[in-house]
2 protein chains.
Amino acid sequence: MKTFSARMAHLGTENAFSVITKAKKFEKESGINLVYLQIGEPGFDAPENVKAATIKAVQDNQTHYTPTPGIPALREAVAQYHSKYSSTPYEAEDVVIVSGGKPVMFYMINALIDPNDEVIVPNPCYPIYESVTEYLGGKVVPIQLKEENGFNFTAEELETKITDKTKLIIINSPQNPTGGVIPKELMGQIAEIAKKHDLWVLSDEIYDQMVHDGEHVSITNFDGMPERTVILNGASKTYAMTGYRLGWGVTKNKQMAAYLEQLACNDTSCVNTMAQYAALEAVTSPDTKPAVQYMLSEYKKRRDLMVDLVNEIPGMTCHSPKGAFYLMANVRQILDKLGITAAELCDRIMREAHVLILPGTVFGQYGDDFVRFSYVSTEENIRKGLDKIKTFIESVY
Amino acid sequence: MKTFSARMAHLGTENAFSVITKAKKFEKESGINLVYLQIGEPGFDAPENVKAATIKAVQDNQTHYTPTPGIPALREAVAQYHSKYSSTPYEAEDVVIVSGGKPVMFYMINALIDPNDEVIVPNPCYPIYESVTEYLGGKVVPIQLKEENGFNFTAEELETKITDKTKLIIINSPQNPTGGVIPKELMGQIAEIAKKHDLWVLSDEIYDQMVHDGEHVSITNFDGMPERTVILNGASKTYAMTGYRLGWGVTKNKQMAAYLEQLACNDTSCVNTMAQYAALEAVTSPDTKPAVQYMLSEYKKRRDLMVDLVNEIPGMTCHSPKGAFYLMANVRQILDKLGITAAELCDRIMREAHVLILPGTVFGQYGDDFVRFSYVSTEENIRKGLDKIKTFIESVY
């Protein structure tokens, strides 16, 4: 057969999915049920009022195409939502509704990156930023998120990464996989650097509502930033609506907004119509708030429980994550003592302790001291999983 | 600001959408309501049993992520569906569920085309094939669909278009915008040519159920083709489910299937979960059949009515389209007499006859003798629209 395109060799994937495949295979072959503490998905169902709005949309025959960038009411609601964090109010025309958070990355990086352009990407971080950049021939410049800095980089470290080929910085606060949150002062410094070097910013704010300590600060809060930033956000995490596949890109840069829409038109035409009405309910209805508040308070309780339990395991330490629903535990001592990698440790924890967690290296080279837990699971599951891991580590450490 | 990627300058769009924008502006400014005879969307709502299955999925909290290539039951159902047209039975693993028909084009062309690779694309045809090819630096080689051949090209014409850079042929039967259907003999000749020159085929079969005269023949019916073909199909047209955004790519080439899945993972993660359960109902339930049969019989009646009415207009002629729900009317005589283009004629028909139709040139250079009607609208609307156009043409012709 004639060859595939050269780009395909550079496309990565979300390795968390291949871990699940391996886990399912293990369960099938062994007959053992694993405790899942790796999943990046809210541990709740969508709020009842959102489900009711979905059903009403179906009954109302909202099953036809919509305009590519979304129904006007949802674009308007999202604009208002992000205006509260921004130095400049957003309007409906600044919003493009897309099929999840990932298309915002996919389209923005497509719109910007030519071969040899450089993109500064935090590390460890969500792997798709790197994957799409390298797919298009761009160069990923990793910047380490250091545990001792609350999983942040410093402004000085950022300055040293910039060259005349740098076109884009990607930031993600609250952060997956570390739970780190970029404080206001550092966010202001990043904004200054972006303006000084005329850089674009992809600001992944998908966990914006999940700040357990402190506050969410968007880089668009700083003057001059809404014009050079695309905000990535969506319904998946805040409203437990992952299966709806509804996200959005928001930018004051009119050409960028037009290009996001044009790429969406070439790719998916528009987003599932019922999901748009469901998201409109989620974003605008006061009925959503209690459900979101309940989920947030549960995540915080589960976080505190998990932090305590992780720190009781010999050789394992963690700080309390400030946001999102992930916890990075430092396992360097265990790895050195056993002479294995984080991936090998997670594999042994799956096979011998029967708990699924992810090695930090799934999120990049600087994740090599860590394993990632998520605390979306029930309190019972968290206790059970951590107890199994503790027993296992005590037996080998 | 730093520049956008060089590729963006080569990305096209679906110009049918900009015509709608112009029409909405005209309606707002003039206070006149247009008759819409341009739309490429079924004129019916989704079947009741499909809507019921959607609602049940929401009630069952099927609102979480699914595997990237789709829920196993839907992949299996789609495999069975396409096996009836194929020389080799398909299996679930040959199917990738994606967010509409367009992602199949987008992903397959991404997976194959490097700069200067050539893609043979029928013309006039759906504009996104060209747009994505040129976006990636590929070269579009148009092959004319001739009215006198039932809007088909011949095997001899196809042979002359092939060079050592040809990697992919795109075929679409039944065809948008012409309503042409590729007969079995020609399909077999295309298959032989593809095998002889080791070419990939994108077979857009989205209108496969809408054959009013004759039968649908898939190129995968011919030996050796399922391994070099990706079938594009989906729920939008057959089941009137456009707003669900659910389509699929089907191929016996394992590496291609893996690449389609990998691109989907980098783009949208998975398809809206409720839509997957709805599509499963649509494809497998006997309750869907009467609704589909009713829609098909209505389309056929409306087609026959429209053919008669178009041929009563001075200077306008058309053959009876064999499939899909489009009709290309030859308006060359009118264009020559008035000294205008097809786009200018459609603009005048909008402003002076108050009916919206599309110039054939929206679908490529070889559409310049034509205007496209769709016959999804009600009989009343079709009569009203064609009457207005007739009165207008009689006044200027």
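Keep in mind that this is a model prediction, so the values were computed, not measured. Residue numbers begin at 1 in each chain, while the letters A, B, ... track the order of the sequences.
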Based on non-hydrogen pairs under 4.5 Å, which of [options] is most in contact with chain A?
{"options": "B/Ala6, B/Ala46, B/Ala278", "answer": "B/Ala6"}
{"options": "B/Tyr135, B/Tyr107, B/Trp200", "answer": "B/Trp200"}
{"options": "B/Gly100, B/Pro103, B/Pro115", "answer": "B/Pro103"}
{"options": "B/Val271, B/Val58, B/Asp267", "answer": "B/Asp267"}
{"options": "B/Asn266, B/Thr268, B/Leu112", "answer": "B/Asn266"}
{"options": "B/Asp117, B/Val98, B/Asn61, B/Leu168", "answer": "B/Asn61"}

Need one label for [X]: side chain, backbone, both or neither, based on atoms under 4.5 Å from any heavy atom in chain A.
{"X": "B/Gln255", "value": "both"}
{"X": "B/Gln59", "value": "both"}
{"X": "B/Thr21", "value": "neither"}
{"X": "B/Leu11", "value": "both"}
{"X": "B/Met105", "value": "neither"}
{"X": "B/Leu263", "value": "both"}

Are the side chains of [Y] and [X] in contact, using a 4.5 Å heavy-atom criterion?
{"X": "B/Lys2", "Y": "A/Leu199", "result": "yes"}
{"X": "A/Met274", "Y": "B/Met274", "result": "no"}
{"X": "B/Arg7", "Y": "A/Asp114", "result": "yes"}
{"X": "B/Ile113", "Y": "A/Ser5", "result": "no"}

Using a 4.5 angstrom heavy-atom cutoff, name the option from [options] with the most pairs to chain B.
{"options": "A/Arg228, A/Glu14, A/Met241", "result": "A/Arg228"}
{"options": "A/Ser269, A/Gly247, A/Ala275", "result": "A/Ser269"}
{"options": "A/Phe4, A/Phe106, A/Tyr244", "result": "A/Phe4"}
{"options": "A/Thr13, A/Asn253, A/Thr273, A/Asn110", "result": "A/Asn110"}
{"options": "A/Leu136, A/Val104, A/Leu246", "result": "A/Leu136"}

(message) Just to verify, what does B/Phe44 make a ring-ring contact (aromatic ring centres under 6.0 Å, His included) with, not counting sequence neighbours?
(response) B/Tyr294, B/Tyr299

(request) Please name all residues satisfying ring-ring contact (aromatic ring centres under 6.0 Å, His included) with A/Tyr65, sequence neighbours left out, ordered by chain then number. (result) none

(request) Verify, without hydrogens or angle tests, whether B/Lys102 (side chain) and A/Ala264 (backbone) share a donor-acceptor contact under 3.5 angstrom. (result) no

(message) Please output the residues of residues 126-133 of chain B in contact with chain A, using a heavy-atom cutoff of under 4.5 Å, in numerical order.
(response) B/Ile128, B/Ser131, B/Val132

(request) Report, by ascending residue number, the residues of residues 47-55 of chain B in heavy-atom contact with chain A at a distance under 4.5 Å; give 'none' if the set is empty. (result) B/Lys51, B/Thr54, B/Ile55

(message) So for atom NZ, which belongs to B/Lys195, do other residues, nucleotides or ligands contribute more than 12 heavy atoms lying within a distance under 6.0 Å?
(response) yes

(request) Answer yes or no: does atom NZ of B/Lys165 have more than 12 heavy-atom neighbours from other residues, nucleotides or ligands under 6.0 Å? (result) no

(request) Supply the atom-to-atom distance B/Met1 CE to A/Glu227 CD, rounded to the nearest 0.5 angstrom. (result) 8.5 Å

